[in-house]
There are 2 protein chains.
Amino acid sequence: MSYTIKDVAKKANVSIATVSRILNAQSGYSEKTKIRVLQVIEELGYQPNAIARGLINKRTHTIGVLFPKLSSSLVTDLLDGIEKAAGISGSSVIVCHTEYNGEKTLKYLQLLSEKRVDGIIFASEVLREEYYQFLKKSNIPIILLSTESPSFSIPHVKVNDFHAAYSAASYLIEKGHKNIGMISGNKEDMIAGKPRIEGFQKALADAHIPLSEENVVYKKGFSFPDGVEGLKELLKQFPSVTALFAASDEIAIGALSAAYHLGIKVPDELSIIGYDNLNIASMSIPPLTTVSQPLKEMGETAAGMLFKLLETGKAPNSILMPHQIIERFSVKERI
Amino acid sequence: MSYTIKDVAKKANVSIATVSRILNAQSGYSEKTKIRVLQVIEELGYQPNAIARGLINKRTHTIGVLFPKLSSSLVTDLLDGIEKAAGISGSSVIVCHTEYNGEKTLKYLQLLSEKRVDGIIFASEVLREEYYQFLKKSNIPIILLSTESPSFSIPHVKVNDFHAAYSAASYLIEKGHKNIGMISGNKEDMIAGKPRIEGFQKALADAHIPLSEENVVYKKGFSFPDGVEGLKELLKQFPSVTALFAASDEIAIGALSAAYHLGIKVPDELSIIGYDNLNIASMSIPPLTTVSQPLKEMGETAAGMLFKLLETGKAPNSILMPHQIIERFSVKERI
DNA sequence: TTGTACGCGTTATCAT
DNA sequence: ATGATAACGCGTACAA
């Protein structure tokens, strides 16, 4: 089928050891034999077998990435960054789509482990006890991305959701708003749900703005439909609202859409700030003001941490990435 | 580090051959030894080494996927489908991000080849001569996804862009429109550019609608900004336009946005139909009528074809997937 | 039913 | 500077 190092050795009249040395840029051969071997390699179109290399080196130069979702800009931007960093380090990335399914996740973990990936990046999902136990038993390095683990000590990279939400709400307050509502995602979600709610509440409290149960409506997810339903519910329970913090851009766009159909002008009658800064944020009418997470950078950073961990062997510190308010046109000063 | 088949054999007091047979569900062992070995495997938490297996079986159960872009719902929906089909067949997928860069692509091809992936799916990008030669030389199976190759005979799966564009334009015509414009993507693009333009033109011609150079504006890409600029240009060169066919949803959304700022009401004054049916299509104001490509299914199909090819060894036929007009609210009947 | 031993394509150690 | 050869972990033909 494909040529082996043996074929090269034979044709170049050297031993496989010499070929190997040349391939790995070690020392122990003359310049003359080097060019001859290289010549033969070129002629044959020889490609070293990474599988055989992996078997002996115990390094596959492949990492695995677990995502709960694939068809979302949020998560593929992370992938974009991971792939970039991996490419630079000469590694490839295997993507696994868990769909938030425990069984599937475990199956993938098993698969990745059997394939002897060098490490794993676990993204945007809570790391369950069972996953952790498996990883620990399999002894395979892991980095958490856009999520964190309260119970286990695993390095992660994410933004501080509490602070980011605090910033968003504060931004609304600075703009003169006092009747501020929120459409939150799942409040049981300890990563993206609860912290954002609490950040929001803290900002209002610090500004001495009265806050009651009417201020926030809790949805199951972070999707467009959640946003359209959410706004309707919010309007019902908190009619005087003039500004809204949406826990995700999709929710914000949903709210935008609902407002349009309700004849509510954004931002004149209602200001809306989103969360994530997906590419759709700049495509809405009006373009969405939002707090951005540097998704791609986060992916790069996580992969970078993993590779450093692989080299040095010592656990890196977690990294909190900066968030930033991207001002567009969905928020208006209230006078 | 991790246990090997030897450890299992020793602890179970059998030979590695027996363990191997049990692992691979072959025959040649008693029920009694089977349960004993399985027991030991469980105790040890033994995981077979897929690398060693790959070396001997010449099958890695891994496929590679090349994408020109990662941060686009268009392409990640394809990935979604591929990953699903791969998961079902017990294979994993390595994703590579080429960024339309020839050097990078070649590098990735080389990498995938060295890793001995079982096959490759090449998506959404033209297969250059150099890529083809490499693949041919490396003798690695390949399927084209959402693209095709005029010069080389390689199985592909995609929709018929000409027909789909024809349908879109015809839909506008059926709705009573006569002044129909188009904002196209790159017309040099032989896959997604030219065929859509020609399909559009043919539909008008068949309906005996006069057609001149004013009807279509040619942009470089298929993005949101192309859409906003595109509409402005179109309006200038073809002021009487009442309906628009956009070569992508992003272009359509861009046009939607431009129309809004220009005070043009969609669909009352201008009807717009898009192309792709990305998830953003349902999130715009108004929700976008568009011709859908079954992206996820296409990915599944392509991967399915690849696995069948791997099993049977014989080249599958190319598949043309059906497109479909998704009626939402951006097109209005013209009376 | 079970075990021995060779080979898959490399790298690395020890000679020479 | 170069070459034999033993691993790496597994599958399998052959023998028992």
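So that the names make sense, note that chain A is the first sequence line, chain B the second, and so on, each numbered from 1.
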A.B. asks: Between the protein and nucleotides 13-16 of chain D, list the N/O to N/O atom pairs that are separated by less than 3.5 angstrom.
C.D. replies:
none

A.B. asks: Would you jot down, in residue-number order, the residues of residues 36-58 of chain A having a non-hydrogen atom under 4.0 Å from DNA chain D?
C.D. replies: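 Correct list: A:Leu55, A:Ile56, A:Lys58.
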
A.B. asks: Does D:dT12 have OP1 or OP2 sitting under 4.0 Å from an N or O in the side chain of B:Ser20?
C.D. replies: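 No, because none of the side-chain N or O atoms of B:Ser20 sits under 4.0 Å from OP1 or OP2 of D:dT12.
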
A.B. asks: Is any side-chain nitrogen or oxygen of A:Ser15 closer than 4.0 Å to OP1 or OP2 of D:dG3?
C.D. replies: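 Yes, because at least one side-chain N or O of A:Ser15 sits under 4.0 Å from OP1 or OP2 of D:dG3.
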
A.B. asks: From CD1 of A:Ile5 over to P of C:dA12, roughly how many Å is that when rounded to an integer?
C.D. replies: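 Value for this atom pair: 11 Å.
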
A.B. asks: Quickly work out the B:Arg59 CZ to D:dT12 P distance and round it to whole Å.
C.D. replies: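 From B:Arg59 CZ to D:dT12 P: 14 Å.
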
A.B. asks: Does the distance from a Lys or Arg side-chain N to an Asp or Glu carboxylate O, for B:Glu125 and B:Lys69, drop under 4.0 Å?
C.D. replies: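 Between B:Lys69 and B:Glu125 there is no salt bridge, as every charged N stays at least 4.0 Å from the carboxylate O atoms.
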
A.B. asks: Decide, yes or no, whether a salt bridge links B:Lys104 with B:Glu99 under the criterion of side-chain N to carboxylate O below 4.0 Å.
C.D. replies: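 Answer for the salt bridge query: yes.
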
A.B. asks: Using a heavy-atom cut-off of under 4.0 Å over every strand shown, decide if A:Asn13 touches base, sugar-phosphate, or nothing.
C.D. replies: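 Sugar-phosphate contact only.
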
A.B. asks: Is there a side-chain contact between A:Met298 and A:Ser146, using heavy atoms and a 4.5 Å cut-off?
C.D. replies: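 Yes. Closest side-chain heavy atoms under 4.5 Å.
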
A.B. asks: Just to confirm, is there a sub-4.0 Å distance from OP1 or OP2 of C:dT1 to any side-chain nitrogen or oxygen of B:Thr33?
C.D. replies: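 Indeed not, no polar side-chain atom of B:Thr33 lies that close.
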
A.B. asks: State, yes or no, whether a side-chain contact exists between B:Lys84 and B:Lys296 at a heavy-atom distance under 4.5 Å.
C.D. replies: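 A side-chain contact exists here, since the closest heavy-atom pair is under 4.5 Å.
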
A.B. asks: Roughly how many Å is it from NZ in B:Lys115 to C1' in C:dG9, rounded to a whole number?
C.D. replies: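 Going from NZ in B:Lys115 over to C1' in C:dG9 covers 17 Å.
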
A.B. asks: Could you tell me the separation between the NE2 atom of A:His61 and the C1' atom of C:dT10, rounded to a whole number of Å?
C.D. replies: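 It is 13 Å, rounded to the nearest whole Å.
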
A.B. asks: If every non-hydrogen atom of A:Thr60 is compared with every non-hydrogen atom of A:Asp118, which pair is closest and at what distance?
C.D. replies: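 The answer is N-OD1, 2.9 Å.
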
A.B. asks: Would you mind reading off the distance between A:Lys10 atom NZ and C:dT10 atom P, rounded to a whole angstrom?
C.D. replies: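 My rounded result for the distance is 14 Å.
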
A.B. asks: Write down the distance between NZ (A:Lys34) and C1' (D:dT2), rounded to a whole number of angstrom.
C.D. replies: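 It is 17 Å, rounded to the nearest whole Å.
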
A.B. asks: Specify the residue among A:Gln26 and A:Ser2 whose closest nucleotide of DNA chain C lies further upstream toward the 5′ end.
C.D. replies: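 Result: A:Ser2.
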
A.B. asks: Who are the side-chain contact (heavy atoms from CB on, under 4.5 Å) partners of B:Pro155, not counting sequence neighbours?
C.D. replies: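 Checked B:Pro155 against side-chain contact (heavy atoms from CB on, under 4.5 Å); matches are B:Ile143, B:Met305, B:Pro316, B:Ser318.
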
A.B. asks: Could you tell me whether B:Ile16 contacts a base, only the sugar-phosphate backbone, or nothing, with contacts defined as non-hydrogen atoms closer than 4.0 Å?
C.D. replies: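 Answer is base: heavy atoms of B:Ile16 come under 4.0 Å of a base.
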
A.B. asks: Categorize A:Ser30 for me: base, sugar-phosphate, or nothing, with a 4.0 angstrom heavy-atom threshold over every strand shown.
C.D. replies: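 Counting heavy atoms under 4.0 Å across all strands, the contact made by A:Ser30 is with sugar-phosphate only.
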
A.B. asks: Are any of the side-chain heavy atoms of A:Thr4 and A:Asn49 separated by less than 4.5 Å?
C.D. replies: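 A:Thr4 vs A:Asn49: side chains apart.
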
A.B. asks: Above 12 or not: heavy atoms from other molecules or residues under 6.0 Å from CD of A:Glu103?
C.D. replies: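 No.
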
A.B. asks: Please confirm whether the ring centroid of A:Phe152 lies under 6.0 Å from the ring centroid of A:Tyr132.
C.D. replies: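 Distance test on ring centres: under 6.0 Å, yes.
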
A.B. asks: Choosing from C:dT2, D:dG3, D:dG11, which nucleotide comes nearest the side chain of B:Thr18?
C.D. replies: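 Looking only at heavy atoms from C-beta outward on B:Thr18, the closest nucleotide is C:dT2.
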
A.B. asks: If the threshold is 4.0 Å, N to carboxylate O, is there a salt bridge linking B:Lys158 and B:Glu148?
C.D. replies: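 Yes.
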
A.B. asks: Take the protein atom CG of B:Leu23 and the nucleotide atom C1' of D:dT12, then report the distance between them rounded to whole Å.
C.D. replies: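 So the CG-C1' distance, B:Leu23 to D:dT12, works out to 14 Å.
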
A.B. asks: Rounded to the nearest angstrom, tell me the gap between atom CD1 in B:Ile22 and atom C1' in C:dT1.
C.D. replies: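 Taking atom C1' of C:dT1 as the reference, CD1 of B:Ile22 is at 11 Å.
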
